[in-house]
2 protein chains.
Amino acid sequence: MGTTQLESVQEPKYWHLRTVLSEALDSDFAVGEILPNERDLAARFGVARATLRQALEQLELEGRLQRRRGVGTTVAPPRVGVAVSTAQHEWTGGVSGEAWQPVDCVSEVAPTAVAAMLRTGGEPVHVVRRIRVTHGQAVAAELLYVPASSVPDLSAIDAPSGPVRARSVMRELHRLGLEGQDRTVELGSARADDAKELDRLPGAPVLVVTTRYFASGGTAAVSVATYRADTCRLTFGDSGALEISHDEQQQERQAS
Amino acid sequence: MGTTQLESVQEPKYWHLRTVLSEALDSDFAVGEILPNERDLAARFGVARATLRQALEQLELEGRLQRRRGVGTTVAPPRVGVAVSTAQHEWTGGVSGEAWQPVDCVSEVAPTAVAAMLRTGGEPVHVVRRIRVTHGQAVAAELLYVPASSVPDLSAIDAPSGPVRARSVMRELHRLGLEGQDRTVELGSARADDAKELDRLPGAPVLVVTTRYFASGGTAAVSVATYRADTCRLTFGDSGALEISHDEQQQERQAS
DNA sequence: CAGTGGTCTAGACCACCGT
DNA sequence: CGGTGGTCTAGACCACTGC
């Protein structure tokens, strides 16, 4: 009876470890600081390395840690708030500064799900690949599917593919008057090509933002953007951005 | 030279397994069907159970599988599209049908991050706990932080806590004229209490939606809602919902 | 009770990075 | 090259579910 409520409930070791490490991160480590390597940490806590890794994975998922093979584990900076504009008619994803960089453009048959939204059958569409860079870091990779009918004046003389072509398509797209957008967000895992551009391993958790652009009574384009889930916080603002300082975030985590 | 391009690139076993299983799910299994148990599957593919589990985890993260301890692994239904209303002045999260169910209400000091948004210091606020149910399944758990100043007419006679109190707070809240909302989405892991209500294990991946409600020139309330990332697809619609059939989704996955 | 997924161990080897 | 995280193995035991 007098015992001070000793962890009666069964809590997995890795979960408890996660909590302990989380608190240690708050109090004893600065952003960017390197943690001891996994083998040392595991030994220090008296667990197998796999168990320690399970805890680290949790913390990485929560955006607290950053791990790089061959380098080490560092304390991650707070998540970047990236604006996913709402009801704003922009193709660029941002009026100034941090914008999308066209990387490539090819002509391909869209995946079935996209083709269904575009109401195109098996005809190939322009597929523009773009990268979103914030604070000098790639945070998102996008595939923008544009039916030929949406950019009728596209010069056939321009390069048939590559970044030049990508810019041409975007230029033509800007001419359309946007009537609205539809957007969904879901969790996914990075495909090999996306992972490469986001500097992550295949399968890394990403937030998949699917946007449908409406113009002249139909779906003018569909975008599938994958954001790094570990470093990004998507913001949808009717009025200004939601900003939280890092300290505040940490304290919220402790409270939970 | 003459060899038919035999997997020269190093692809992890679990990643390859994920692909194989994904294709098998598309062709040989129906939604709800139970897969063979992990030990059998691992043996069948000639890998250790841990490796097989790594592949299953990926597929579960992508919403393709559902695993329940003591029961088995089943093929998951397509993700549910849940509307996260944009620029709509609702506290209920839905005009008709699938709505939020008040579960409880207590008076507590808000976590620091929330307190900062509410501009309340250490004063306790009303914390309403709500569950969002869709198709008979709990898809989200929410904590709604309401400063006393936002509901001045709240009867002091009502129960000080519990579902009755929760409904009282919501009723008073409806009286306010909403001026706007701010919203962020990020990846998180379920806390123990949320996990319980969502019928998941602690640490399960969730989409954390933080909403700031503005009224009468200030922040009237802050909501932190955690959605099951495995079963939910958040929709933000300016005009109608984005609907994709299950077949189409599967084919998109195959294409990637 | 038997069978399932969840946790944990103690190793091994590999891919990658910086020096 | 040495050190890091990433992958993989072959076990063991536990917690939970349903019969």
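Per chain, numbering begins at 1; letters A, B, ... match sequence-line order. All figures in this text were calculated on a predicted structure; none of them were measured in a lab.
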Report task. Could you state the atom-to-atom distance from CG of Leu52(A) to C1' of dG11(C) in whole Å? Result -> 16 Å

Query raised in the report: Do the side-chain N or O atoms of Arg49(B) get closer than 4.0 angstrom to the phosphate oxygens (OP1, OP2) of dG11(D)?
Result: no

Query raised in the report: Between Arg68(A) and dC16(C), does any side-chain N or O lie under 4.0 Å from OP1 or OP2?
Result: no

Query raised in the report: Are the side chain of Arg228(B) and the backbone N or O of Leu198(B) linked by a donor-acceptor pair below 3.5 Å?
Result: yes

Query - Under 4.0 angstrom between Lys13(A) side-chain N/O and dG6(C) OP1 or OP2 - result: no

Query raised in the report: Between Thr51(B) and dT9(D), is there a side-chain N or O to OP1/OP2 distance below 4.0 Å?
Result: yes

Report task. Go through the steps for Asp26(A) and Arg64(A) under the test salt bridge (charged side-chain N to carboxylate O under 4.0 Å, His left out), then give the verdict. Result -> CA-CA 10 Å; Asp26(A) 291 335; Arg64(A) 306 291 311 277; 2.6 Å; yes

Requested in this report: For Arg53(A) and dC8(D), give me the distance from atom CZ to atom C1', rounded to whole Å.
Outcome: 11 Å

Query - Protein-nucleotide distance (Asp40(B), atom CG; dT4(C), atom P), rounded to Å - result: 7 Å

Query raised in the report: Salt bridge check: are Arg191(B) and Asp194(B) linked by an N-O gap of less than 4.0 Å?
Result: yes

Query raised in the report: Any donor-acceptor pair under 3.5 Å joining the side chain of Arg39(A) to the base of dG3(D)?
Result: no

Requested in this report: Measure the distance from CD on Glu57(B) to P on dC8(D) and round it to the nearest whole Å.
Outcome: 13 Å

Report summary line: Of Gly70(A) and Glu38(B), the one whose nearest nucleotide on DNA chain C sits closer to the 5' end is Glu38(B)

**Report entry** Euclidean distance, atom CZ of residue Arg69(A) to atom C1' of dG5(D) [Å, nearest integer]
**Finding:** 7 Å

**Report entry** Tyr14(A) vs dT7(C): side-chain N/O to OP1/OP2 distance below 4.0 Å
**Finding:** yes

Query - More than 12 heavy atoms of other groups within 6.0 Å of Asp199(A) CG - result: no

Query raised in the report: Closest to the Ala48(B) side chain: dT9(D), dG6(C), dT9(C)?
Result: dT9(D)

Query raised in the report: Between the side chains of Glu62(B) and Ser189(A), does any donor sit under 3.5 Å from an acceptor?
Result: yes

Query - Rounded distance in Å - CZ (Arg200(A)) to P (dG5(D)) - result: 13 Å

Query raised in the report: Rounded to whole angstroms, how far apart are CZ on Arg18(A) and C1' on dT7(C)?
Result: 17 Å

Report summary line: Against the side chain of Gln54(B), the closest entry in dT7(D), dC8(C), dG5(D) is dT7(D)

Query raised in the report: Does Thr73(A) put a side-chain nitrogen or oxygen below 4.0 Å from OP1 or OP2 of dG5(D)?
Result: yes

Report summary line: Rounded to whole Å, the CD-P distance (Glu11(B) to dC14(C)) equals 18 Å

Query raised in the report: Do any side-chain nitrogens or oxygens of Asn37(A) fall under 4.0 Å of OP1 or OP2 in dG3(D)?
Result: no

Report task. Determine the contact category for Leu201(B): base if any of its heavy atoms lies under 4.0 Å from a base atom, sugar-phosphate if only primed atoms, P, OP1 or OP2 are that close, otherwise nothing. Result -> sugar-phosphate

